[in-house]
Amino acid sequence: MAYWLMKSEPDVFGIDDLERVRIEPWDGVRNYQARNMMRDQMKLGDLAFLYHSNCEVPGIVGIMRIEREGYPDETARDPESKYHDPAATTDNPRWYRVDVGFVRRLPRNVPLSELKARAELAGMPLVRKGNRLSVMPVTPQEWQCILNMAGE
DNA sequence: GCCAACGTTGGC
DNA sequence: GCCAACGTTGGC
């Protein structure tokens, strides 16, 4: 089983929303690196941290589970969607999504400022300046370190 | 709201 | 295939 971290803006979709809906298609990802990971590497039962970005206190707030492996992101072919991509076709969907499920909130949120201060986490793309990757792998060591920081 | 850093696009 | 221009991300 692998570990991941996925970013979302809480104003758009945050932990409160996930807890309410329980399962959510993770659509709208329009970055090839992130797409490839969702399409090729994420497996049913993998766990992922939910990270709140672009908000007052950016940080990790909860845990999700992959409930469905990569499949075409239909929002790309929907002209009404803000994620519409004219280049996406039925033959070549171009973009993929997974379904994630709510697992639990962390006992306390772990803000980015604390993640940056940890030597064990210095290898995470998340803490590197200018990194915009919205889906990234997390090592078991990093996963455990963050759980500890969250008070689990 | 600002702006640095980055990925993508498209002209050549 | 290069690279400038552009749009986006996301911390602050």
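In what follows, chains are A, B, ... by sequence order, proteins preceding strands, each numbered from 1.
Nearer the 5' end of DNA chain B, as judged by each residue's closest nucleotide, is the contact made by A:N54, out of A:N54 and A:N31. Both A:Y32 and A:K129 sit near DNA chain B, but only A:K129 has its closest nucleotide nearer the 5' end.
Contacts of A:R35 with the nucleic acid, taken as non-hydrogen atoms under 4.0 Å apart, are absent.
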Would you give me the side-chain donor-acceptor pairs under 3.5 Å for residues 119-126 of chain A, sequence neighbours excluded?
from: A:E120; atom 1: OE2; to: A:R118; atom 2: NH1; distance (Å): 3.2

Between side-chain atoms of residues 103-112 of chain A and protein atoms elsewhere (two or more places apart, or another chain), which donor-acceptor pairs fall under 3.5 Å?
from: A:R104; atom 1: NE; to: A:E152; atom 2: OE2; distance (Å): 2.9
from: A:R104; atom 1: NH2; to: A:E152; atom 2: OE1; distance (Å): 2.9
from: A:R105; atom 1: NE; to: A:E19; atom 2: OE1; distance (Å): 3.0
from: A:R105; atom 1: NH2; to: A:D16; atom 2: OD1; distance (Å): 2.6
from: A:R105; atom 1: NH2; to: A:E19; atom 2: OE1; distance (Å): 2.9
from: A:R108; atom 1: NH1; to: A:M149; atom 2: O; distance (Å): 2.7
from: A:R108; atom 1: NH2; to: A:E114; atom 2: OE1; distance (Å): 3.3
from: A:R108; atom 1: NH2; to: A:E114; atom 2: OE2; distance (Å): 2.7

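For A:N31, the side chain to side chain donor-acceptor pair (under 3.5 Å) criterion is met by no residue, not counting sequence neighbours. Residues satisfying the ring pair (Phe, Tyr, Trp, His ring centres under 6.0 Å) criterion with A:Y83, sequence neighbours excluded, are absent altogether.
Sequence neighbours left out, the pairs with a member in residues 49-63 of chain A that pass side-chain hydrogen bond (donor to acceptor under 3.5 Å, both in side chains) are A:E9-A:N54.
Of all nucleotides in DNA chain C having an atom under 4.0 Å from a heavy atom of chain A, the first and last in 5' to 3' order are C:dG7 to C:dC12.
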